[in-house]
Amino acid sequence: MANGEGWLKDGKQVKLTVIPCLNYTHQTRYELPIAPSPNLPNMLSIYLYPSICYFEGTTVSLGRGTDQPFQCYGHPDNKTNCATAWICVG
């Protein structure tokens with residue numbers, strides 16, 4: 001990308017070597033052997049995190065501190081009863 005977008009000064013090019021991975025396709029799912037963080041305890045949380053972590057700067061709660069972080073969300077203005085205040089995926 002650095003070469004193709006011309007990010008380097010004076011038209012310099014980076015010498016790149018692509019090393020293919022045996023038995024890998026883009027459809028191959030990788031399962032982490034251990035959780036990378038207490039807030040990312042399973043693969044669903046890991047896959048959801050990059051797209052919904054932006055809501056953490058708002059009043060939306062993303063389920064941190066629960067058994068399903070980033071898999072449940074709630075909001076203080078949710079007018080439903082407590083049992084349905086959380087909306088969960090997965």
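Position 1 is the first residue of the sequence; numbering continues from there.
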Leu8 side chain near Gln13 side chain, heavy-atom distance below 4.5 Å: no
For a 4.5 angstrom cut-off between non-hydrogen side-chain atoms, does Phe70 reach Arg64? yes
Side-chain heavy atoms of Leu62 within contact of Pro69, under 4.5 Å: no
Verify the cluster assignment for Leu16 and Trp7: are they in a single hydrophobic cluster under the rule of side-chain heavy atoms below 4.5 Å apart? no
Is Tyr73 close to Gln68 at the side-chain level, that is, under 4.5 Å between some pair of heavy atoms? no
Which heavy atom of Ser45 sits nearest a heavy atom of Asn42, and at what distance? N-OD1, 2.9 Å
Does atom OH (Tyr54) have a neighbourhood of more than 12 heavy atoms from anything else shown, all under 6.0 Å? no
For residues Ile52 and Phe55, determine if any side-chain heavy atom of one lies less than 4.5 Å from a side-chain heavy atom of the other. yes
Side chain to side chain donor-acceptor pair (under 3.5 Å), that's the test. Do Thr59 and His75 meet it? Break it down for me. CA-CA 6 Å; Thr59 56; His75 188 273; 2.8 Å; yes
Supply the atom-to-atom distance Thr66 OG1 to Asn39 CG, rounded to the nearest 0.5 angstrom. 9.0 Å
Side chains of Arg29 and Tyr47: closer than 4.5 Å at any heavy-atom pair? yes
Quick check for you: to the nearest 0.5 Å, what is the distance between Gln71 atom CD and Leu48 atom CG? 6.5 Å
